[in-house]
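Values below: every heavy atom of this structure, side chains too, minus hydrogens, waters and symmetry copies. Throughout, a chain's letter reflects where its sequence line sits, starting with A, and its residues are numbered from 1.
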Amino acid sequence: MAVASIAHGSAHGDGADQLYVETRELRLQGFLLFLVSDCVLFSSFIFAYLYLRNSGQGWPPPGIKRLDVAFAAWNSVLLFGSGATMHYALENWKHGNFMKYMWMLIFTIILGAGFLGGQAYEYTHLIVAEHVSWWGSGIFGASFFTLTGMHGFHVFVGVCYLTVLLLQSAAGVYTGQKYFGITAGTLYWHFVDVIWVVLFSIFYLI
Amino acid sequence: MSIESAQMTHAGGIAGHIHPEPQGFVRRYVFSIDHKIIGIQYIITAFVFFMLSGLLAETIRTQLLNANGGFVSPETYNEVYSVHGSAMVWLVVIPLLTGGFGNLIFPLQIGARDVAFPWLNMLSFWIFPVAGLMLFSSFLMGAPTAGWTEYPPVSLQGSAGTSMWAAAIFLVGVSSTLTGINFVVTLVKMRAPGMTFTRMPLFCWGQFATAPLLMIATTALAAALAALFMERVFGVPFYDPTKGGSPVLWQHMFWFYSHPAVYIMILPAFGIISEVLPTFARKPIFGYKLIAFSSMAIALAGFMVWAHHMFTSGLAPYLQLPFMILTFAIGIPTGIKIFSWTATLWGGKIHLTSAMLFAIGFIALFTCGGITGIFLAAVPYDLDVHGTYFVVAHFHYVLVGGSLMGVFAGMYYWFPKMSGRLLNETLGKIHFWLFFIGFNGTFLPMHWLGIEGMPRWVATYDPQFEFWNRFASVSSYVMGIGILVFFVNVLWSIRAGKKSGPNPWNGRTLEWMIPSPPHYYNFKNIPTVYGLPYDFSHPLPYTGLEEELTDAPPALAAGAH
Amino acid sequence: MNVDFAVLERTGAVAGGIIVGVVAFYALYKDWSTPGVENHVFKLMLLLLGFGAILAILAGINVLGNFPKVA
Amino acid sequence: MVENRAQSAHVGPGFWSVTAVLGLLAIASIVFWYWFPLEQYLPAAIVTARQVDTLFRFMAATGSALYIFVFGYLLYFAIAFRVKPSDPPDAIGVQVHDNHRLEFWWTLIPALFVVLLSVVSVKIWYEIMLEPQNGLVVQAIGHQFNFTFRYPQINGEITDEMHLPIGVPVTLNLTSSDVIHSFWVPAMRLKNDTVPGLVTSIRFTPRLTGRYQIICTQFCGVLHAQMNKQVLVVEDKASFDRWYQGWQVKNAHVSNALPAAGGAAVALTGGSAPAGQTLFAQKCSACHAIGPFNQRIVGPGLKGVLHDPSHPDLVNGDPATPANVAKILQTGYVGSLGAMPNATTNGLSNQDIANLVAYLDSLK
């Protein structure tokens with residue numbers, strides 16, 4: 001019961017008034033529903049990719065090499081690791097360990113940025129060395145760059161958001177009772193991670 | 001859980017939280033965060049688009065007066081019907097029923113002060129007119145020509161407006177998704193104490209079944225549109241078979257949205273009808289629970305039948321049968337609703353007001369559209385009439401005879417809640433009869449035109465079909481005059497209509513318990529609910545409404561500022 | 001030269017995967033009985049995260065994604 | 001409950017006579033749809049067209065019977081139960097919430113009807129799907145804005161009418177050269193889309209001589225409305241044979257390669273397999289997979305086309321040698337399932353052909 005250990009007294013105490021508690025419920029539910037619809041967006045593109053992949057041209061299509069699994073595995077571990085650090089950032093916040101929270105958040109941002117760097121490296125390699133492009137490489141380029149690019153954009157947004165969280169936390173915007181921004185950031189970051197589990201398996205492992 | 005959360009609300013929470021009334025014209029009526037104003041904004045904007053796409057419809061019918069056309073060129077004709085279809089679906093019917101009536105009415109009916117995210121609500125509204133203008137401005141650069149479905153590869157050949165179309169519909173989709181999220185949260189979390197799910201008015205059930213569809217299905221369409229846009233603008237191959245893409249992929253992605261979209265367009269109309277019928281028959285709705293649950297069943301099943309639009313598209317034959325049978329099965333909950341509404345009339349004290357006429361007309365026309373829907377679901381028969389005027393007749397019966405009749409019923413019923421005045425009943429009845437007769441004259445002949453061999457999307461046609469096409473065109477003018485009567489009625493009644501008072505129809509749902517138009521805070525005190533609103537022989541199932549129609553100021557809770 | 005990089009990447013993937021996997025499943029175990037919607041979602045996410053870590057390990061040791069070289 | 005039963009015994013003025021009238025009307029409509037001479041308006045040109053008509057009659061009869069009841073009761077209730085001037089202003093209707101017996105029946109009966117309709121539809125669907133496969137194979141290709149037809153043993157394409165002999169099963173393979181069209185003959189009660197990059201087929205047996213309009217029912221471009229000018233002619237065997245031989249003679253010197261492409265044999269030395277692989281992805285992969293022979297997209301899979309002991313010959317009967325593959329690449333080929341464009345249409349230079357052959361040769 002992590003929550004109980006910091007929320008002393010009733011929900012009315014310490015500035016977490018009834019209005020905040022109820023509004024937080026609404027925002028939480030709204031945010032989860034937003035993630036659901038975002039998930040549908042990814043699912044649609046994943047469906048498109050699998051549909052095109054099975055349309056009889058073989059995979060990878062002629063003229064295109066397999067993706068580099070070793071590098072992707074390493075890069076994925078960076079992102080998965082950032083999921084774990086983010087989880088502990090929220091845990092530490094709930095337990096009131098502010099400095100540990102800040103360090104975990106910083107680790108998360110570094111790992112997320114590292115993943116983006118790895119993806120940039122992979123893109124460059126594909127485009128420069130293997131002449132694979134978004135528009136000129138048939139359904140491979142279309143599905144790979146669209147899906148991973150969309151995911152990369154989500155990671156980028158996440159890194160920006162976590163940086164804002166870091167600054168806000170340093171400025172004392174969040175309190176022991178009112179920290180929905182941190183919860184939402186954690187939910188979003190986990191979501192981005194989990195999408196990558198799916199993308200990693202369908203692009204690199206099958 | 002839901003009951004607990006409803007009863008949890010007390011003075012310190014959202015229920016007691018009254019925003020200060022916004023000051024100034026812009027904050028009040030333009031960038032308003034009040035759900036009622038936003039609902040009215042949706043309705044006005046959508047009716048403007050309705051007028052524009054109605055003009056496009058009359059252009060279509062005028063072209064088809066003669067077998068070899070001649071009113072506009074084939075290029076223009078193709079643009080006209082494509083924009084007509086897209087605008088009617090995305091800029092008229094969906095915004096009217098969800099953003100419009102949804103925003104305006106259901107927060108009042110569940111006893112809430114506003115929707116869950118008022119700012120988000122404002123955002124979703126303001127995306128909508130922008131997208132609408134984008135869609136209509138595509139005429140300037142060559143509008144899309146491949147119909148509202150825009151099948152590639154022909155849409156890949158279309159002029160620049162097709163990309164604009166994709167962007168515009170994408171934006172409407174974003175607006176719908178945000179609205180859907182907003183409505184689901186509002187309906188789940190913000191019901192008044194005692195307003196359990198099984199005590200919600202049926203209009204709320206209609207919205208509750210629709211909102212998840214808005215949220216989920218629209219996102220799938222967004223993906224399809226984004227891919228089309230990328231293919232057209234950047235040449236990224238998704239659909240072009242010469243580059244390895246698949247044109248059938250678009251059809252899957254498009255119909256995975258667009259079949260649920262059909263239910264987005266009809267479920268809220270079901271809700272409106274289920275409010276109007278008991279009020280004017282002065283008796284409880286027949287089979288409340290069956291109507292509510294069949295809405296949910298239809299919404300759920302709507303995700304599993306999309307391929308029935310693709311029986312001729314080269315779908316694997318073994319896939320056709322499950323889609324056919326599931327589609328037939330949707331007829332069962334729909335039939336239950338129709339029978340229940342008919343039974344609601346039995347033994348009533350029926351007041352044949354304009355709203356009631358439109359509700360009864362809705363049942364008559366929607367049933368016809370539903371039956372032809374069964375025809376189209378049967379694979380062997382669909383292989384005959386798919387892509388013909390039979391399909392055009394079918395979906396106009398469902399969308400115009402169904403959804404739009406529902407919209408008009410709602411307009412006559414809830415106009416007092418928007419303006420404080422009643423619409424003129426005489427003009428309303430003229431509107432109904434012109435519209436009803438004109439509608440049937442326009443779309444009934446299309447059934448046999450299609451069966452005998454007139455395909456869709458044609459600017460010219462075989463001379464043997466000329467008589468019935470002329471008949472349809474002339475009838476469509478009658479329908480158009482009916483709609484003009486409606487617009488005149490609205491414009492006249494806003495200024496000079498009879499004052500309605502809070503409850504002109506003796507309605508029993510919560511929106512009638514407060515003044516017309518309601519205060520910006522809706523309720524002075526959030527009421528407590530004890531039962532269904534449809535028991536006419538019982539006292540009203542609410543407490544806490546005593547001060548609503550008095551001059552007493554609203555009770556401000558501690559949390560208010 | 002290239003081969004060295006691949007070995008390095010695979011080693012990193014396996015080592016990192018083990019750490020992340022252990023952390024994810026440990027966190028899942030510790031949080032198992034937390035109440036509330038968001039905590040249920042967190043648990044689901046942790047489960048999938050652990051699954052992802054396992055995938056990364058398997059890819060690192062060439063069990064998954066080990067395709068024959070195409071000419 | 002007692003109150004309810006009393007009410008249901010007293011169903012309102014004229015209820016049973018209205019029900020009787022509606023029943024008679026419903027029976028009349030069923031009889032009407034049973035006898036309605038559909039074929040007088042639209043001949044049934046193929047065998048299964050009559051089955052589709054049967055399905056239509058069944059749905060129209062039940063649908064209109066249902067509609068008569070719904071609409072009749074709606075009208076009757078709206079009139080019989082309207083509020084009267086003598087009623088007090090606060091008069092309310094009969095306060096009945098539901099009637100489980102009624103609801104049970106009006107759920108069960110539509111459900112049974114759905115089962116029945118499914119059985120009928122599936123049965124007729126099977127009859128359409130199980131038309132014999134071994135008859136005449138014809139190909140229809142959609143273009144903007146006409147169809148062309150290919151027959152076995154007739155060179156080139158026929159661009160005006162499509163002729164079929166009566167009583168002979170036909171397999172019609174449909175494909176498109178540009179966008180999606182749909183091949184519909186109303187008299188056949190049958191259509192299918194012609195999708196570029198796909199071959200779909202419909203099978204049927206003509207049963208009635210005559211000339212029937214062929215109509216495109218999928219929007220295909222600005223002149224879509226004009227794509228209804230061609231006809232399907234069903235005629236007796238003798239007339240068909242005359243027509244068929246006429247085209248054989250007329251097209252004797254037309255090459256099967258779309259536009260005639262000539263030229264000397266391509267020099268195959270210096271072909272680069274990697275370059276060929278890239279070209280294959282751009283030019284060939286829409287119709288050919290790199291897979292075993294039976295992995296068919298439009299044409300067969302081409303993995304090991306030059307090294308496959310079970311298929312020693314190419315599609316035109318020549319032995320599978322690099323030179324003969326190059327020839328097909330140069331001239332194109334027309335098979336029963338689709339047309340492969342020649343080098344000019346496909347934009348292949350001689351060097352490209354050499355590269356492609358080198359690539360195909362490298363697949364083992």
Taking [X] for the side chain and [Y] for the main chain, is one N or O donor matched with an acceptor at less than 3.5 Å?
X: D:Tyr67; Y: B:Ala364; result: yes
X: D:Gln95; Y: B:Asp535; result: no
X: D:His224; Y: B:Arg456; result: yes

Can you tell me which portion of [X] sits under 4.5 Å from chain B's heavy atoms? Options are side chain, backbone, both or neither.
X: D:Met59; answer: both
X: D:Ala60; answer: both
X: D:Gln51; answer: neither
X: D:Ile180; answer: both
X: D:Glu127; answer: neither

(message) Please list all pairs meeting side chain to side chain donor-acceptor pair (under 3.5 Å) that have one or both residues in residues 70-85 of chain D, counting only residues at least two apart or in different chains.
(response) D:Thr19-D:Tyr73

For chain B, the option from [options] that forms the most heavy-atom pairs under 4.5 Å:
options: D:Asn192, D:Leu74, D:Ile215, D:Leu102; answer: D:Leu74
options: D:Ser182, D:Ala225, D:Gly221; answer: D:Ala225
options: D:Leu75, D:Asp87, D:Ile128; answer: D:Asp87
options: D:Tyr41, D:Phe15, D:Trp184; answer: D:Trp184
options: D:Ile79, D:Thr200, D:Thr107; answer: D:Thr107

(request) Find the one option among B:Ile336, B:Asn506, B:Leu321, B:Ile332 whose heavy-atom pairs under 4.5 Å with chain D are most numerous. (result)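 Among the listed options, the one with the most contacts to chain D is B:Leu321.
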
(message) With chain D as the partner, which of B:Ala146, B:Pro333, B:Ala378, B:Ala459 has the greatest number of non-hydrogen pairs under 4.5 Å?
(response)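 Greatest number of close heavy-atom pairs with chain D: B:Ala146.
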
What are the two closest heavy atoms between [X] and [Y], and how far apart are they?
X: B:Pro284; Y: D:His97; answer: CB-CD2, 3.7 Å
X: B:Ile374; Y: D:Leu117; answer: CG2-CD2, 3.3 Å
X: D:Phe77; Y: B:Ile350; answer: O-CD1, 3.5 Å

(message) Walk me through whether B:Thr312 and D:Asp193 qualify under side-chain hydrogen bond (donor to acceptor under 3.5 Å, both in side chains).
(response) CA-CA 6 Å; B:Thr312 66; D:Asp193 290 1; 3.1 Å; yes

Nearest-0.5 Å distance, [atom1] of residue [X] to [atom2] of residue [Y]:
X: B:Ile371; Y: D:Ser64; atom1: CD1; atom2: OG; answer: 8.0 Å
X: D:Phe81; Y: B:Trp346; atom1: CZ; atom2: CH2; answer: 6.0 Å
X: B:Leu365; Y: D:Phe71; atom1: CG; atom2: CZ; answer: 8.0 Å
X: D:Ser118; Y: B:Met324; atom1: OG; atom2: CE; answer: 5.5 Å
X: D:Leu223; Y: B:Glu75; atom1: CG; atom2: CD; answer: 7.5 Å
X: B:Tyr151; Y: D:Cys220; atom1: OH; atom2: SG; answer: 14.0 Å

(request) Could you tell me which portion of B:Thr344 (side chain, backbone, both or neither) has an atom closer than 4.5 angstrom to a non-hydrogen atom of chain D? (result) neither

(request) Go through the atoms of B:Tyr534 and report whether side chain, backbone, both or neither lie under 4.5 Å from a heavy atom of chain D. (result)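 Backbone of B:Tyr534 only, per the 4.5 Å heavy-atom cut-off to chain D.
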
(request) Name, in order of residue number, those residues of residues 239-247 of chain B that have a heavy atom at a distance of less than 4.5 Å from a heavy atom in chain D; otherwise write 'none'. (result) B:Pro241, B:Thr242, B:Pro247

(message) Once you measure the plane-to-plane angle for D:Trp106 and B:Phe286, does it fall in the parallel (<30°), tilted (30-60°) or perpendicular (>60°) bin?
(response)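 Ring orientation of D:Trp106 relative to B:Phe286: tilted.
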
Do [X] and [Y] have side chains that get closer than 4.5 Å, going by heavy atoms?
X: D:Arg189; Y: B:Leu383; answer: no
X: B:Pro455; Y: D:Cys216; answer: no
X: B:Pro317; Y: D:Trp125; answer: yes
X: B:Phe375; Y: D:Phe56; answer: yes
X: D:Phe219; Y: B:Asn78; answer: yes

(message) Check this for me: does any side-chain nitrogen of one of B:Asp384 and D:Lys191 sit under 4.0 Å from a carboxylate oxygen of the other?
(response)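 Between D:Lys191 and B:Asp384 there is no salt bridge, as every charged N stays at least 4.0 Å from the carboxylate O atoms.
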
(message) Let's go through B:Gln157 and D:Asp178 carefully: what are the C-alpha distance in whole Å and the side-chain angles of both, what is the deciding distance for side-chain hydrogen bond (donor to acceptor under 3.5 Å, both in side chains) to 0.1 Å, and is it a yes or a no?
(response) CA-CA 10 Å; B:Gln157 300 174 348; D:Asp178 36 48; over 6 Å; no

